Amino acid sequence: MSADHDCLRPVDPGIVGVRPCPRCQQRTVKLPGRYEPLCLDCFAEERTAYERMLIANGRPVAGQIAGPECLGCGGTDVDADGRTWWCLGCGIVSGVACGCAAGTRP
């Protein structure tokens, strides 16, 4: 990720919902983490910590709603495909990864 663009690369669709999360080993990967694909719980945990660090350093943050629970309706009927997160309960959809060149690591 570049210093001026906080972009995540999409997860390979072949591993979404199949490969175990490397962090917790309890759930399958669904979304891109900063360094590796993560399950919804680990993604939300990592993202929250990252956003807090940015805020503490005075950087603007684009809030992320993706996680194991919908922030809109509180439902847990959520899923993701490696690029996009959605809630089946209320219909909220959030793009998580764009795959632009800024998402590649130097």
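These numbers were taken from a predicted model, which means no experiment stands behind them.
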Path from [X] to [Y] over hydrophobic side-chain contacts below 4.5 Å:
X	Y	result
Val93	Leu88	yes
Leu8	Val78	yes
Tyr50	Val61	yes

**Prompt:** How about Thr48 and Phe43: do any of their side-chain heavy atoms sit closer than 4.5 Å?
**Reply:**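 A side-chain contact under 4.5 Å is absent here.
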**Item:** Student check: side-chain heavy atoms of Val96 and Pro32 closer than 4.5 Å
**Value:**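 Val96 reaches Pro32 side chain to side chain.
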Distance from [X] atom [atom1] to [Y] atom [atom2], nearest 0.5 Å?
X	Y	atom1	atom2	answer
Arg27	Cys42	CZ	SG	5.5 Å
Ile15	Asp12	CD1	CG	5.5 Å
Leu40	Thr28	CG	OG1	8.0 Å

**Message:** Main chain of Gln64, side chain of Glu51: is a donor-acceptor contact present, judged purely on distance under 3.5 Å?
**Reply:** yes
**Prompt:** Do side-chain atoms of Trp85 reach the backbone of Ile65 as a donor and acceptor pair under 3.5 angstrom?
**Reply:**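 Side chain of Trp85 to backbone of Ile65, a donor-acceptor pair under 3.5 Å: no, none is there.
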Minimum heavy-atom distance [X]-[Y], with the two atoms named:
X	Y	result
Asp41	Pro68	OD2-CG, 3.5 Å
Cys73	Cys70	N-SG, 3.4 Å
Ala80	Leu31	CB-CD2, 3.5 Å

**Message:** Under the criterion side-chain contact (heavy atoms from CB on, under 4.5 Å), I'd like the reasoning laid out for Met53 against Asn57: C-alpha separation, chi angles, the key distance, then a yes or no.
**Reply:** CA-CA 6 Å; Met53 186 259 318; Asn57 289 319; 3.3 Å; yes
**Message:** Tell me every residue that passes salt bridge (Lys or Arg N to Asp or Glu O under 4.0 Å) with Asp79, counting only those two or more places apart in sequence or in another chain.
**Reply:** Lys30
Solution key, residues 17-25 side-chain donor-acceptor pairs under 3.5 Å, sequence neighbours excluded:
from  : atom 1 : to    : atom 2 : distance (Å)
Arg23 : NH2    : Glu46 : OE2    : 3.0
Gln25 : NE2    : Cys21 : O      : 3.2

